[in-house]
Amino acid sequence: MPGKRTDVISWDEFFMKAAIAASLRSKDPNTQVGACIADTNHRILSVGYNGTPRGLGDDEFPWGTADDPLHDKHNYVIHAEANAILNYRGSLKDMTGATVYVTLFPCHECAKTLVQAGIGEVVYLDDKYDGTEDNLISKNILDRCGVSYRQVELSE
Ligand SMILES: Nc1ccn([C@H]2C[C@H](O)[C@@H](COP(=O)(O)O)O2)c(=O)n1
Ligand SMILES: [Zn+2]
């Protein structure tokens with residue numbers, strides 16, 4: 001009788017790959033972000049990616065940045081983490097102790113939202129805005145609110 005397979009992917013890898021898959025739906029030409037929220041029983045609660053609000057078609061949306069705030073994508077896009085929380089259709093009142101897997105370290109607005117949703121841990125892939133003011137505020141919020149965070153590397 002053959003033995004069981006042992007070279008299965010880890011839970012970290014599984015959920016991060018789900019987040020990466022979600023990011024592939026993003027129409028943002030510069031930064032595509034995906035998020036996957038998993039509970040402590042290794043069940044996926046929700047996924048999301050950075051995109052436009054319903055009613056603002058992401059195909060027609062001008063995905064640029066501009067000095068004029070009216071024409072800057074940052075003021076319109078819903079972030080991947082926020083979409084993952086908003087997309088949740090389960091019956092939990094909050095996501096206490098759940099982990100969010102996100103392909104980019106959360107911004108400070110998402111950090112606040114994740115805290116308030118009860119997320120206990122952030123696992124991230126990239127931290128390309130490390131050291132920026134927004135990134136420092138985000139880490140300050142997570143630290144002060146007792147949300148842990150760690151970076152993962154994928155083997156391939
Ligand atoms: N944790 C994050 C950070 C950023 N986003 C989104 C917001 C924008 O669509 C894009 C960032 O664009 P960039 O300033 O790099 O041109 O990523 C997110 O969803 N989650
Ligand atoms: Zn954000």
Side-chain angles (χ1 to χ4, degrees), residues 10-40 44-90 92 94-154:
S10 67
W11 287 117
D12 273 356
E13 204 171 343
F14 177 68
F15 295 127
M16 191 55 86
K17 281 186 170 170
I20 292 169
S23 77
L24 300 177
R25 287 282 315 153
S26 174
K27 305 278 173 69
D28 190 321
N30 194 47
T31 303
Q32 304 82 44
V33 187
C36 172
I37 301 174
D39 72 10
T40 49
I44 291 179
L45 298 179
S46 190
V47 292
Y49 61 89
N50 54 328
T52 51
R54 258 178 231 164
L56 270 185
D58 59 4
D59 286 320
E60 302 80 44
F61 184 71
W63 281 101
T65 54
D67 290 337
D68 179 356
L70 208 62
H71 296 107
D72 188 327
K73 69 170 181 180
H74 294 98
N75 296 318
Y76 297 91
V77 172
I78 305 179
H79 289 193
E81 305 90 318
N83 262 328
I85 287 168
L86 291 166
N87 287 338
Y88 176 62
R89 285 294 173 270
L92 295 175
D94 68 22
M95 297 179 168
T96 301
T99 298
V100 63
Y101 288 80
V102 63
T103 58
L104 180 63
F105 197 91
C107 74
H108 86 279
E109 289 293 345
C110 287
K112 289 188 285 188
T113 306
L114 293 170
V115 165
Q116 216 60 1
I119 296 290
E121 184 185 31
V122 174
V123 180
Y124 63 97
L125 201 55
D126 188 15
D127 193 10
K128 70 173 175 173
Y129 294 117
D130 183 30
T132 61
E133 187 176 75
D134 183 86
N135 186 272
L136 291 171
I137 296 168
S138 179
K139 286 170 181 162
N140 197 18
I141 291 166
L142 297 176
D143 289 340
R144 297 182 67 161
C145 298
V147 176
S148 59
Y149 47 90
R150 60 187 169 88
Q151 190 167 29
V152 283
E153 274 179 39
L154 296 187

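From a predicted model like this one, the values you see are computed outputs, not experimental measurements. Counting starts at 1 for both ligands and their atoms, in listed order.
- Residues N135 and I137 have side chains not in contact (no heavy-atom distance under 4.5 Å, counting atoms from C-beta outward).
- Checked by distance only, ligand 1 and T31 come closer than 3.5 Å through their nitrogen or oxygen atoms.
- Polar contact with ligand 1: absent for V102 (N/O pair, distance under 3.5 Å).
- Those atoms of ligand 1 with a heavy atom of N30 less than 4.0 angstrom away are 13 (P), 15 (O), 16 (O).
- Counting heavy atoms closer than 4.0 Å to ligand 1, residue H74 contributes side-chain atoms (C-beta onward) but none from N, CA, C or O.
- Note on ring orientation: taking the six-membered ring where Trp is involved, the planes of W11 and F15 are parallel (angle under 30°, cut-offs 30° and 60°).
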- prompt: For D134 and K139, what are the C-alpha separation, side-chain angles and deciding distance, and is it a salt bridge (charged side-chain N to carboxylate O under 4.0 Å, His left out)?
  reply: CA-CA 9 Å; D134 183 86; K139 286 170 181 162; over 6 Å; no
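- For atom 7 (C) of ligand 1, the closest non-hydrogen atom on the protein side is H79 NE2, 3.3 Å.
- Only the side chain of D28 comes within 4.0 Å of ligand 1, counting heavy atoms alone; its backbone N, CA, C and O stay farther away.
- In Y129, the part holding a heavy atom less than 4.0 Å from any atom of ligand 1 is the side chain.
- For atom 17 (O) of ligand 1, the nearest non-hydrogen atom of the protein is N50 ND2, 3.3 Å.
- Residue-ligand proximity, P106 to ligand 1, at heavy-atom distances under 4.0 Å covers atoms 1 (N).
- Nearest to atom 12 (O) of ligand 1 among the protein's heavy atoms is K73 NZ, 3.1 Å.
- At least one N/O/S atom of H79, whether from backbone or side chain, sits less than 2.8 Å from the Zn ion (ligand 2).
- Using modelled atom types and a 3.5 Å distance limit, the side chains of T99 and E121 yield a donor-acceptor pair.
- Distances shorter than 4.0 angstrom do not occur between any heavy atom of C110 and any atom of ligand 1.
- Of all atoms in ligand 1, listed by their number and element, those nearer than 4.0 Å to a heavy atom of C107 are 1 (N).
- Residue, atom and distance of the protein heavy atom nearest to atom 19 (O) of ligand 1 are A80 N, 2.9 Å.
- Of the protein's non-hydrogen atoms, L104 CD2, 3.6 Å is the one closest to atom 3 (C) of ligand 1.
- Annotation: the span from D12 atom CG to L154 atom CG amounts to 9.0 Å, rounded to 0.5 Å.
- Under 4.0 Å from ligand 1, not a single heavy atom of Y49 appears.
- With hydrogens and angles ignored, the 3.5 Å screen pairs no side-chain donor or acceptor of S46 with any backbone N or O of I37.
- Regarding atom 2 (C) of ligand 1, its nearest protein heavy-atom neighbour is E81 OE2, 3.5 Å.
- Judged purely by distance below 3.5 Å, without hydrogens or angles, the side chains of N83 and N50 never pair a donor atom with an acceptor atom.
- Looking only at atom types and distance, the side chain of Y149 has a donor-acceptor partner in the side chain of D143 under 3.5 Å away.
- The contact set between ligand 1 and F105, taken as ligand atoms under 4.0 Å from a residue heavy atom, comprises 1 (N).
- V152 places a side-chain heavy atom less than 4.5 Å from the side chain of R150.
- A cation-pi arrangement is not found for K128 relative to F105, the charged atom failing to lie both closer than 6.0 Å to the ring centre and inside a 45° cone about the ring normal.
- A donor-acceptor distance shorter than 3.5 angstrom exists from the side chain of Q32 to the backbone of D28, with no hydrogens or angles considered.
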